[in-house]
Amino acid sequence: QVQLVQSGAEVKKPGASVKVSCKASGYTFTNNHMHWVRQAPGQGLEWVGVINPSGGGTKYAQRFQGRVTMTRDTSTSTVYMDLSSLRSEDTAVYYCARGRENRLDYWGQGTLVTVSS
Amino acid sequence: QSALTQPRSVSGSPGQSVTISCTGTSSDVGSYDYVSWHQQHPGKAPKVIIYDVTKRPSGVPDRFSGSKSGNTASLTISGLQAEDEADYYCCSYGGWYTLIFGGGTKLTVL
């Protein structure tokens, strides 16, 4: 069965960076894109970007351009999302979600990132 | 790309039907049959309940159905049950590998 297991909660100071991981299992890692979606407290879902684990190509939402980097490690079937220059508004739960033909089909459990001085 | 437009809340009594709308543009909802709906209970990760406008993943009850007309997609839940109380998000492919979400709708079962 498909499983996406994310790293644990993080607390960061403003201006710092955070790296969240998402380990995939139960399918061929390089066959599906992986998306990242975030949800601020009490707010809706917001698409952050996507990575193609096969070639490493990425596409980011315009508002995160320059601050987000998505990478992958095919040897461990893990994708990473690095967000830099953190501010309080980046406090959110970050989800990885598997892509399939221009949609999402499985979600990770989420990782809470708290930005606070 | 702006978020898709959903009503902030809807409600219904057990056994009734409710419909949640999701309005986009000719660049997203109106251009692609890649609209999905995601159910999220408090403190939980979202779960896909409808994909490709009308399809249901295995295990999702047929009380959940989807449709689309022009730039607006809809989710209908018939025979409301208490466990359907949750937040619902629509999501559309926006071209060039991008996805766009709606603002979310809180469903209350009275």
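Chain identifiers are assigned alphabetically (A, B, ...) following the order of the sequence lines, protein sequences preceding nucleic acid strands; residue numbering begins at 1 within each chain. Just so we're clear, the structure is a prediction, and the values are computed from it rather than from any experiment.
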Less than 4.5 Å apart, any side-chain heavy atom of A:R98 and any of A:V2?
-> yes
Give, as side chain, backbone, both or neither, the part of A:D105 having an atom under 4.5 angstrom from any heavy atom of chain B.
-> backbone
Rounded to the nearest 0.5 Å, what's the gap from CD on B:Q39 to NZ on B:K44? Could you check?
-> 12.5 Å
Chain B contact residues among residues 43-69 of chain A, heavy-atom distance under 4.5 Å | A:Q43, A:G44, A:L45, A:E46, A:W47, A:V50, A:K59
Note: vs chain A, highest number of non-hydrogen pairs under 4.5 angstrom among B:G103, B:P46, B:G104 is B:P46
Euclidean distance, B:D87 CG relative to B:T105 OG1, rounded to 0.5 Å | 8.5 Å
State whether the side chain of A:T91 and the backbone N or O of A:V115 hold a donor-acceptor pair below 3.5 Å, judged by distance alone.
-> yes
Part of A:V93 lying under 4.5 Å from any heavy atom of chain B = neither
Take A:K12 and A:D90 through the salt bridge (Lys or Arg N to Asp or Glu O under 4.0 Å) test and state the conclusion after the steps.
-> CA-CA 10 Å; A:K12 296 292 182 181; A:D90 294 316; over 6 Å; no
Could you tell me whether the side chain of A:Q3 reaches within less than 4.5 Å of the side chain of A:S25, counting heavy atoms only?
-> yes
Start with the C-alpha gap between A:Y94 and A:E10, add the side-chain angles, then the distance that decides, and say whether side chain to side chain donor-acceptor pair (under 3.5 Å) holds.
-> CA-CA 11 Å; A:Y94 290 77; A:E10 303 263 12; over 6 Å; no
Close contacts, residues 92-99 of chain B versus chain A, judged by heavy atoms under 4.5 Å | B:Y93, B:W96, B:Y97, B:T98, B:L99
Answer yes or no: is there a side-chain heavy-atom contact under 4.5 Å between A:V18 and A:D82?
-> no
Interatomic spacing from CH2 in A:W36 to CE in A:M70 - rounded to 0.5 Å | 7.5 Å
How close do A:G108 and B:A45 get, heavy atom to heavy atom, and via which atoms?
-> O-CB, 3.3 Å
By number, which residues in residues 49-76 of chain B have some heavy atom less than 4.5 Å away from chain A?
-> B:Y51, B:D52
CE on A:M34 to OG1 on A:T78, rounded to 0.5 Å | 9.0 Å
B:C91 side, atom SG; A:H35 side, atom NE2 - distance, nearest 0.5 Å | 8.5 Å
Close side-chain approach of A:K23 to A:Q6, heavy-atom, < 4.5 Å | no
Tell me the residues of residues 4-37 of chain B whose non-hydrogen atoms fall below 4.5 Å from those of chain A, in number order.
-> B:Y34
Just wondering, do A:V113 and A:V20 contact through their side chains at under 4.5 Å, heavy atoms?
-> yes
Are A:R72 and A:Y80 side-chain neighbours, meaning at least one heavy-atom pair lies under 4.5 Å?
-> no
Check A:A24 against A:L4 and note the closest heavy-atom contact, atom names and distance.
-> CB-CD2, 3.8 Å
Atom pair CG/OG1 of B:L80 and B:T108 - distance to nearest 0.5 Å = 10.5 Å
Looking only at non-hydrogen atoms, find the nearest pair between B:G102 and B:Y89 and report the distance.
-> O-CD2, 3.6 Å
